[in-house]
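In what follows, chains carry the letters A, B, and so on, assigned in the order in which the sequence lines appear, proteins first and then strands, with residues in each chain numbered from 1. Heavy atoms only: backbone and side chains are in, while hydrogens, waters and symmetry mates are out.
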2 protein chains.
Amino acid sequence: MIELAILGILKEADLHGYELKKHLRKVLGPLSNVSFGSLYPALNRLERQGAVTAVVADDAGPSTMPMTGSLTGEAAAFRSRLRATRGPRNKKVYGITRIGERRLVELLSDPTDDERSFGMKLAFFRWCDRPTRLRLLERRRATLLERLDETRRALTAREGDDPYVQALMEHDTESTMSDIAWLGRLIAREQAGDDRTREPTGGHP
Amino acid sequence: MIELAILGILKEADLHGYELKKHLRKVLGPLSNVSFGSLYPALNRLERQGAVTAVVADDAGPSTMPMTGSLTGEAAAFRSRLRATRGPRNKKVYGITRIGERRLVELLSDPTDDERSFGMKLAFFRWCDRPTRLRLLERRRATLLERLDETRRALTAREGDDPYVQALMEHDTESTMSDIAWLGRLIAREQAGDDRTREPTGGHP
DNA sequence: GCTCCGATATATCGGGCCGATAGGTTCTGT
DNA sequence: ACAGAACCTATCGGCCCGATATATCGGAGC
């Protein structure tokens, strides 16, 4: 799921790992403090898949060596040339490829529905179309309703149980109800929404 | 952290893995659906540490072959004897040892403070004393206050940003405030509490 | 009696994510 | 000039999860 977040950020701008982490923190905020121990392996995975490309910035200022977006054999050669120029301080700037953009859309429509995954998808909702958004929102709501039901049944079944467990479950019930109401507002906004959406596919003007 | 939950459950009754999972689901409910892929390795870990002991129930009724609590070489021999009696349907019933009880208290006072860990500790608050409880509750509150602050700053800094990210952060702010208030109530209850607490240390009457 | 089936029961494997750690570079204050 | 802070990439061990394998048990239906 971290791959979704990386691609979502890289679709806005080319960045290197360290910057990426900061951006992720800003956007996802409390929803997962992505650690380097996840970030770098994920970037390698994405590079292997061809979803991102890396070049090394020369540090001659902010001229990030423009990338044409998709890579040819030339880019690979370029990369290995610079890999020879070993010696840290060559920041590896990552850019998203067309494959990566396709992958991003694919990951966005994945229905996995835990707190984390849902939050991540929501954070990058701008990259998918309204039907997908509605599907995800409604699915999430259904999941929470189910959970609410289950917790409530467990709550009524055992009265006079451990007070801490009880407190935990009552609070969970309240939180879940609040979340469901929130989702309801988001769904309504989505259905009534004016169509000020960015193009879901194919950025790169 | 799953070890905490296992020990917390086993302190109430001797159980085998499958039952354990069901109990965990009841007590922790929505807070982590412990999977077998975590449960069995964790049980092995705990067994290696001497925190739990396993015997095999003969299925001749509820006579669970009483365990003396801590194990000698005899227990190991017993175990391997039964391991030779291969053919599943010999349920491995686990029981907590004195070492396990010490470990439980130790895990309970660990200050790790993410959603998961805090929730698990709260679910087993009955096994620790009031000072520890208050320490954990207040630490959690402090963490959430910090997070609230951070999210709020991020929220005011960037107006007119992506509406979905904005929605995410606003909702997080609300949820966090709600959680803080809830913690406040728990703290108050704890401070005013009549002393109807079970003995924190040394079960085994 | 027989078979099929769902629940009970234990266990492992690959892979993702995290915290800790390590090692190097550039910037900044003094 | 120097120390310390921030920047930057990377790996390692360990936990946790979902998928999968395997085997038994109790009952429903024929």
Side-chain angles (χ1 to χ4, degrees), chain A residues 1-6 15-25 28 31-49 52 54-61 64 79 82-83 85-94 107 110-117 119-120, chain B residues 1-6 15-25 28 31-49 52 54-61 79 82-83 85-94 107 110-117 120:
Chain A
M1 272 289 88
I2 197 187
E3 304 186 3
L4 163 63
I6 291 173
L15 297 171
H16 56 253
Y18 197 82
E19 281 176 308
L20 204 41
K21 185 176 191 297
K22 285 194 287 187
H23 280 236
L24 281 168
R25 185 171 176 75
L28 300 177
L31 244 162
S32 96
N33 247 316
V34 179
S35 69
F36 288 120
S38 324
L39 186 57
Y40 287 112
L43 281 169
N44 288 331
R45 238 149 48 221
L46 287 169
E47 203 176 358
R48 249 183 285 127
Q49 293 166 23
V52 302
V55 294
V56 178
D58 260 341
D59 248 353
T64 327
R79 197 155 66 243
L82 286 164
R83 191 147 289 161
T85 318
R86 262 308 186 198
R89 204 47 202 173
N90 291 335
K91 293 181 274 199
K92 280 174 80 176
V93 175
Y94 290 92
L107 286 170
D110 172 291
T112 306
D113 208 29
D114 51 297
E115 171 96 19
R116 267 285 279 268
S117 312
M120 287 217 175
Chain B
M1 271 289 87
I2 197 187
E3 304 186 3
L4 163 63
I6 291 174
L15 297 171
H16 56 252
Y18 198 82
E19 281 176 308
L20 202 42
K21 185 177 191 297
K22 284 194 285 188
H23 281 236
L24 281 168
R25 184 172 177 74
L28 300 178
L31 244 160
S32 95
N33 247 315
V34 179
S35 69
F36 288 120
S38 323
L39 185 57
Y40 288 112
L43 281 169
N44 287 332
R45 239 149 46 220
L46 287 168
E47 204 177 357
R48 250 183 285 126
Q49 293 166 24
V52 302
V55 294
V56 177
D58 259 341
D59 248 352
R79 197 154 64 243
L82 286 163
R83 192 148 290 163
T85 318
R86 262 308 185 196
R89 207 48 197 180
N90 291 335
K91 292 181 275 198
K92 281 174 80 176
V93 175
Y94 290 93
L107 286 171
D110 171 291
T112 305
D113 205 30
D114 51 297
E115 172 97 19
R116 268 284 279 268
S117 312
M120 287 216 174

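Contacts of B/Gly17 with the nucleic acid, taken as non-hydrogen atoms under 4.0 Å apart, involve only primed sugar atoms and P, OP1 or OP2.
B/Lys21 forms a cation-pi arrangement with B/Phe36, by the criterion of a distance under 6.0 Å to the ring centre and an angle within 45° of the ring axis.
Between A/Ser38 and C/dG16 there is no side-chain polar atom (N or O) within less than 4.0 angstrom of OP1 or OP2. Contact check, B/Lys21 against C/dT10: no side-chain N or O comes under 4.0 Å of OP1 or OP2. Between B/Arg116 and D/dC15 there is no side-chain polar atom (N or O) within less than 4.0 angstrom of OP1 or OP2. Contact annotation: B/Lys91 side-chain N/O to D/dT24 OP1/OP2 distance is not under 4.0 Å.
With D/dT11, C/dT12, C/dA11 as the candidates, the nucleotide lying closest to the side chain of A/Pro41 is D/dT11. Nearest to the side chain of B/Lys92, among C/dC18, D/dC17, C/dA11, sits C/dA11. Comparing D/dT9, D/dC16, C/dG19 against the side chain of A/Ser35 picks out C/dG19 as the nearest. The side chain of B/Ile2 lies closest to D/dC16, out of D/dC8, D/dC16, C/dT8.
Closest heavy-atom contact between A/Arg45 and A/Ile2: NH2-CG2, 4.0 Å. In terms of heavy atoms, A/Met1 sits closest to A/Met120 at O-SD, 3.5 Å.
Taking for each of B/Phe36 and B/Arg45 the nucleotide of DNA chain D with the nearest heavy atom, the 5'-most of the two is the partner of B/Arg45. In terms of position on DNA chain C, the residue among B/Glu19 and A/Gly37 whose nearest nucleotide sits closer to the 5' end is B/Glu19. With DNA chain C read from its 5' end, the first of the two nearest nucleotides for A/Met1 and B/Lys22 is the one closest to B/Lys22.
A/His16 has its NE2 atom 12 Å from the C1' atom of C/dT26, to the nearest Å. Taking atom OH on B/Tyr18 and atom P on C/dA11, their separation rounds to 15 Å, with Å as the unit. Going from atom CG of A/Leu15 over to atom C1' of D/dT9 covers 15 Å, rounded to whole Å. Note: OH (A/Tyr40) to P (C/dG15) measures 24 Å, nearest angstrom. Atoms CG (A/Asn44) and C1' (C/dG16) sit 14 Å apart, rounded to a whole Å. Atom-to-atom, CG of A/Leu43 to P of D/dC8 comes out at 14 Å; the value is rounded to the nearest Å. Look at CG on A/Leu20: it is 15 Å from P on D/dC7, rounded to the nearest Å. In this structure, B/Leu39 places its CG atom 11 Å from C1' of C/dA11, rounding to the nearest Å.
Within the 4.5 Å cutoff, the side chain of B/Leu4 has no heavy atoms near those of the B/Asp110 side chain.
Residues meeting the side chain to side chain contact (heavy atoms under 4.5 Å, CB included) test with B/Arg25, sequence neighbours left out: A/Glu150, B/Asn33.
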